[in-house]
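Heads up, the thing below is written out as structure tokens.
In this chain, residues are counted from 1 in sequence order.
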Amino acid sequence: MNFSVIVPFVTESDFLYENLAEIERQKRNDLEIILIPDAESHDLKKFVGRMITPVKIIESGKVAPGRKRDLASRGAAGQILVFFDDDSYPGEHYFDLALALFHSQDVIAAGGPGCTPRTDGFFAKVSGAAFLGSILGGTPERYVSVGSRRVVDDWPSVNFLIRKEVFLALEGFNSDYWPGEDTLFCNKLIQSGLANGITYEPSLLVWHHRRNSITRHFAQVANYAQHRGFFFKEGVTNSRKIKFAVPSFFVIFCCISVVYGSLYQGISPSVDILIFSPWLVYLILIAATFFEIAKKTNILISLCSTFLVFLNHIVYGFFFSRGILANNIRSRLRDPGLNSL
């Protein structure tokens, strides 16, 4: 058995069934699927009962995704653990590419992009496109197949693969932080010396459905930002990067600009230039981001997503600061006594 595909979720959905159907369509006889819902259901059992691919269902109760993956890994038969989210599904020839990658090189862990499906609605495509720009600090390689194979120090668990013996040696995620449990695990992997990093392979893609409303989009940004800020403060190595803190400085600058523009503008021309010239630079960078995103999508989506980029900076900066100021983070779906760093 080469692969154990592990999918944690709360309860089944159309996205999950799509995921299972796409895995089945690749007609592999060297993989198993392990599903970890809070509780098993008749509909889910009926669906997997029609599948040729072997499927295990493990009821976990209401625990964080990292705990679900740890539970599944203990009985996994595959040599390589493959982590998907329930709202993602593998691209064509995914497992052929993964097998070739792990066999051809000394790869311990790997990941690839989570691309927005062509079937997603307009706002979901806008939400995904808002992360496609690199000029203002984005990581487009996480959302579209770009660049070349290289080593990275952090990768999301929506599309993450690792050798089972290494995962078990590190005691898995062993954390109830969510989101951010994947960042902590990647940091633990590199700090252990068992791997120099995670291999990014642009062709190893999954399709990942995006948030379909502005509320859910910003809730996701806020959650990730707050956890990143907390990890930054706690000294988690792969979160200790100045680029993560820049949006917080941007929020402070925005507040200063508003106060100065409302109360003091015109008092000193030199101060006016000092306050407002950075906005010109930012507008130039935003314009460049628009053209960068437009190359990967279309003009209308690029226009809407570029405005979303600005709002992302505000939301991310505010919640990153909250994470820095927090004594601890009460992650969703966690027992307050179980979090670990």
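For the pair R69 and F173, the cation-pi test (distance below 6.0 Å, angle within 45°) is passed. In this structure, R240 is positioned above the aromatic face of F232, its NZ or CZ under 6.0 Å from the six-membered ring centre and within 45° of the axis.
Criterion: ILVMFWY side-chain heavy atoms under 4.5 Å apart, direct or through other members. Under it, L136 and F244 are part of a common hydrophobic cluster.
Side-chain contact of Y264 with D272: a donor-acceptor pair under 3.5 Å is absent, judged by distance alone. Checked by atom type, the side-chain pair S4/E32 shows a donor-acceptor distance below 3.5 Å. Judged purely by distance below 3.5 Å, without hydrogens or angles, the side chains of H217 and N312 pair a donor atom with an acceptor atom. N159 and Y94 share a side-chain donor-acceptor pair at under 3.5 Å. A donor atom on one side chain and an acceptor atom on the other are not found under 3.5 Å apart for Q105 and T199. Residues R210 and T116 have side chains that bring a donor and an acceptor to within less than 3.5 angstrom of each other. At a cut-off of 3.5 Å, with distance as the only test, a side-chain donor of S270 or S268 sits close to an acceptor on the other residue. S60 and K68 are linked by a side-chain donor-acceptor pair at a separation below 3.5 angstrom, with hydrogens and angles left out of the test. In the model, E181 has no side-chain atom that pairs as donor or acceptor with a side-chain atom of H227 under 3.5 Å. When only modelled atom types and interatomic distance are considered, N328 and Y177 share a side-chain donor-acceptor pair under 3.5 Å. Under the 3.5 Å distance criterion, with hydrogens and angles disregarded, no donor-acceptor pair is assigned to the side chains of S302 and T297.
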Problem set entry | Derivation and outcome, side-chain contact (heavy atoms from CB on, under 4.5 Å), residues F320 and Q226 | CA-CA 5 Å; F320 182 89; Q226 185 160 278; over 6 Å; no
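Atom CG of residue L99 and atom CZ of residue F102 lie 9.5 Å apart, to the nearest 0.5 angstrom.
Judged as a side chain to side chain donor-acceptor pair (under 3.5 Å), and not counting sequence neighbours, N238 has no contacts.
At least one side-chain heavy atom of I57 sits less than 4.5 Å from a side-chain heavy atom of L44.
Between Y282 and W279, the ring-plane angle classifies as perpendicular under the 30° and 60° cut-offs. Under the 30°/60° scheme for interplanar angles, the aromatic rings of Y200 and W155 are found to be tilted. A parallel orientation is assigned to the rings of F83 and F160, their planes being inclined by less than 30° (bins at 30° and 60°). Taking the six-membered ring where tryptophan is involved, the planes of F310 and F250 are perpendicular, since the angle between them exceeds 60° and thus also 30°.
Cluster partners of F291 are F290, I299, L303, counting Ile, Leu, Val, Met, Phe, Trp and Tyr whose side-chain heavy atoms approach within less than 4.5 Å, directly or via other members.
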